[in-house]
Novice: 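I have a structure here, written as structure tokens, and I will follow up with some questions on it.
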There are 2 protein chains.
Amino acid sequence: MKGSQVTIKDIAKQLGVSASTVSRALKDHPDISPETKKAVTELAEELNYQPNSIALSLRQKKSNTIGVIIPELVHFFFSTVINGIEDVAYAAGYSVIVSQSNESYEREVMDTKALFNNRVDGILVSVSRETENYDHFQSLVNRGIPMVFYDRICKAINCSQVIIDDFDAGYQSTKHLIDQGYKRIAHISGPSSLILSKERMDGYKKALTDHGLKIDETLILEEKEAKDEKVAKELTEQLLSLSLPPDAIFANNDIAAVGAMLVIKEKGLKIPEDIGVVGFSNWRFTSLTEPALTTVDQPGFKMGQEAAKLLIKEIEAKEGEIVEPETVVLKTDLIIRKSSVRK
Amino acid sequence: MKGSQVTIKDIAKQLGVSASTVSRALKDHPDISPETKKAVTELAEELNYQPNSIALSLRQKKSNTIGVIIPELVHFFFSTVINGIEDVAYAAGYSVIVSQSNESYEREVMDTKALFNNRVDGILVSVSRETENYDHFQSLVNRGIPMVFYDRICKAINCSQVIIDDFDAGYQSTKHLIDQGYKRIAHISGPSSLILSKERMDGYKKALTDHGLKIDETLILEEKEAKDEKVAKELTEQLLSLSLPPDAIFANNDIAAVGAMLVIKEKGLKIPEDIGVVGFSNWRFTSLTEPALTTVDQPGFKMGQEAAKLLIKEIEAKEGEIVEPETVVLKTDLIIRKSSVRK
DNA sequence: TTGAAAGCGCTAACAA
DNA sequence: TTGTTAGCGCTTTCAA
């Protein structure tokens, strides 16, 4: 912010007019004479005048910035979401500030406050794995800050949200395994604190019962802590050493899927012949290196776009106008390769 | 930015003092009486007063924000860099605005201008693959905006920079292959527009000549366009169909390495028995799913930290003080697994 | 120890 | 058609 910038005053002085004239000329106000307009715009061009967005923010009480709280940037899915957000935000003239909670409740609370202090016009949130208390969000909503939840939503707060149809994803994944003739389908689920974990599991259960299979609770294991290669492998070990082991696994995430796959290989079993695996892939190249896995593809870019659109709509609603919270539901795709299907 | 915020004026009015007194009390100015101080801080607390950072920015001509230009967020390496940047920036009281160039020169130019207009106090840059003209950076540097380059640097501009010792990485990677007895080592290199591509290649060449091996230009292929699975596979096909094919490949990046590996497998060859592969891994789980690959691990987090430190040091240098550009060089690690080494 | 006033860069109501 | 003035929220010099 160094290197003293050209201001409206500088232009005004050089042209011997007032600052307001320059201001008006620059925004093509109808009152200003064509000559003045021309002189102003030309000099502005010449001096490479750039409006000071901070002064504008102060004046208009609007920062033209949106804040994003994201669990972790390193996941393909989430970084893709950011791309979608930027796509829409930039086009609408907003800057984007991204804060990572790193799946920590404490960090999330700090980030929320920091964004608020930075006077963002609105916030996009995907809650951390740890979060079970939502006061930090509610208090901002109460103050009238527009907020939209994406992916990891928060039912307790009445805001717009963009979600993936996780029930359907769970259902389709499980059905895909059933269709190939697998009978004992296990599920490695995500932490029960996340709504989407429950949705996926419900989809899984519904698919089983719809197709005349029983729900066997011994085949459902929860990955409680953070996603971790070791944990995923242990859970798979546990499943495979059951007296009645599963013949297929529906994994809640990429690591769980890959962990399962590694353990299965170690045991000398083959995918998909001996055991079928379907997993969510937050991770870019799962299907590139692991053609035997069927993966659930999540529409991250689209999700980012939709969330940003909703937020900007709320931000730009006229004062007093009430915006009814909306819910956008996006479908996943099942990426099936020949080599991931059992005949 | 809605929900009218408590201001210094509000506090002043309620307490029957002036705004300047409140301002001073809040920053613990020695002139203010303990009683006033107490009254002010207590009321501020009660009303949940938060200083308006935009007004502060305007007043102090400092936004306490740093801008980051990054080629693509979806790569593990780059998102890790962001983590490092945030780590240092937040601790020092700075916000971070991230812009992705998506490896596009045009986008990069736009991003640079946008950050400047947003009045960031300084910019961290990793140049896009396409960039060959650096005027957009030079003009900001000329205006006195502190700028630090990381990873993909720009020799033409005299700024601080944080780089990876890519020569050493190329050397070590190649040496690792030589040590295992491979004789015809190919190199899939990155675009020659990036300095680091050249460095890696020079390291590769030096390792060969240091160990009595000849440089065979037919074994060196450049991956010109964007990183792409298909291109990587084609290049490998090309290498393997040479009349004198290589017995090892040093790949410039993750995709090239994985692409090479896939083609090798398709041909019925084995890694590392028939052919050795070493690749840079910008990608999180290469070594998890591909234990046969030896990977070069790049210290992204550290790089982000160092770059942010240098930038903040420059930003906070006293007016007029001259900060000599510094270069920080970080070493890579070679991640070698038992299964990636030929006996 | 405190207050008044000016000003950061910009806009907009009001006046001319 | 243009200028004057006030003010967004804050800090700081100068005066009291």
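Throughout, a chain's letter reflects where its sequence line sits, starting with A, and its residues are numbered from 1. Quick caveat, the model's predicted, so the values are computed rather than measured.
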Novice: If I take atom CG in residue A/L15 and atom P in nucleotide D/dT1, what distance separates them, rounded to the nearest angstrom?
Specialist: 17 Å
Novice: C/dC8 phosphate, OP1 or OP2: any side-chain N/O from B/K62 under 4.0 angstrom?
Specialist: no
Novice: Starting at the 5' end of DNA chain C, which residue's closest nucleotide do you reach first, B/V22 or B/A55?
Specialist: B/V22
Novice: What is the distance, rounded to the nearest whole Å, between atom CG of A/L26 and atom P of C/dA12?
Specialist: 13 Å
Novice: Does atom CD of B/E106 have more than 12 heavy-atom neighbours from other groups under 6.0 Å away?
Specialist: no
Novice: Can you sort out the partners of B/E46 under salt bridge (charged side-chain N to carboxylate O under 4.0 Å, His left out), two or more places apart, ordered by chain and number?
Specialist: none
Novice: Given atom CD1 of B/I8 and atom C1' of C/dT2, what is their separation to the nearest angstrom?
Specialist: 15 Å
Novice: Can you name the side-chain hydrogen bond (donor to acceptor under 3.5 Å, both in side chains) partners of A/Q14, sequence neighbours left out?
Specialist: none
Novice: Does any residue of residues 28-51 of chain B have a heavy atom under 4.0 Å from DNA chain D, and if so, which ones, in number order?
Specialist: B/Y49, B/P51
Novice: With sequence neighbours left out, what residues match A/K113 under salt bridge (charged side-chain N to carboxylate O under 4.0 Å, His left out)?
Specialist: none
Novice: Taking salt bridge (charged side-chain N to carboxylate O under 4.0 Å, His left out) as the test, write out the residues that go with A/K9, two or more places apart.
Specialist: none
Novice: Rounded to whole angstroms, how far apart are CG on B/N64 and P on D/dC10?
Specialist: 15 Å
Novice: So which protein nitrogen or oxygen atoms get under 3.5 Å of nucleotides 12-16 of chain D's nitrogens or oxygens?
Specialist:
from: D/dT13; atom 1: O4; to: B/R24; atom 2: NH1; distance (Å): 3.2

Novice: Take atom CG of A/N52 and atom C1' of D/dC8, then tell me their distance rounded to the nearest Å.
Specialist: 13 Å
Novice: Apply ring pair (Phe, Tyr, Trp, His ring centres under 6.0 Å) to B/Y134 and list each qualifying residue two or more places apart in sequence or on a separate chain.
Specialist: none
Novice: Answer yes or no: is there an ion pair linking B/E103 with B/R152, defined by an N-O contact shorter than 4.0 Å?
Specialist: yes
Novice: When you get a sec, tell me which of C/dG3, D/dG3, D/dC10 is the closest nucleotide to the side chain of B/V17?
Specialist: C/dG3
Novice: Could I get the full list of salt bridge (charged side-chain N to carboxylate O under 4.0 Å, His left out) partners for B/E42, not counting sequence neighbours?
Specialist: B/K38
Novice: Quick one: is C/dG7 close enough that its OP1 or OP2 comes under 4.0 Å of any side-chain N or O from A/K9?
Specialist: no
Novice: Less than 3.5 Å apart, which donor and acceptor atoms pair up between the side chains of residues 24-34 of chain A and the rest of the protein, not counting sequence neighbours?
Specialist:
from: A/D28; atom 1: OD1; to: A/K37; atom 2: NZ; distance (Å): 3.2
from: A/S33; atom 1: OG; to: A/T36; atom 2: N; distance (Å): 3.3
from: A/S33; atom 1: OG; to: A/T36; atom 2: OG1; distance (Å): 2.4

Novice: In whole angstrom, what separates A/I11's CD1 from C/dG9's P?
Specialist: 13 Å
Novice: Atom CG of A/L58 to atom P of D/dG7: distance rounded to whole Å?
Specialist: 14 Å
Novice: Counting the atoms with a prime plus P, OP1 and OP2 as sugar-phosphate, which does A/T7 contact under 4.0 Å by heavy atoms, base, sugar-phosphate, or nothing?
Specialist: sugar-phosphate
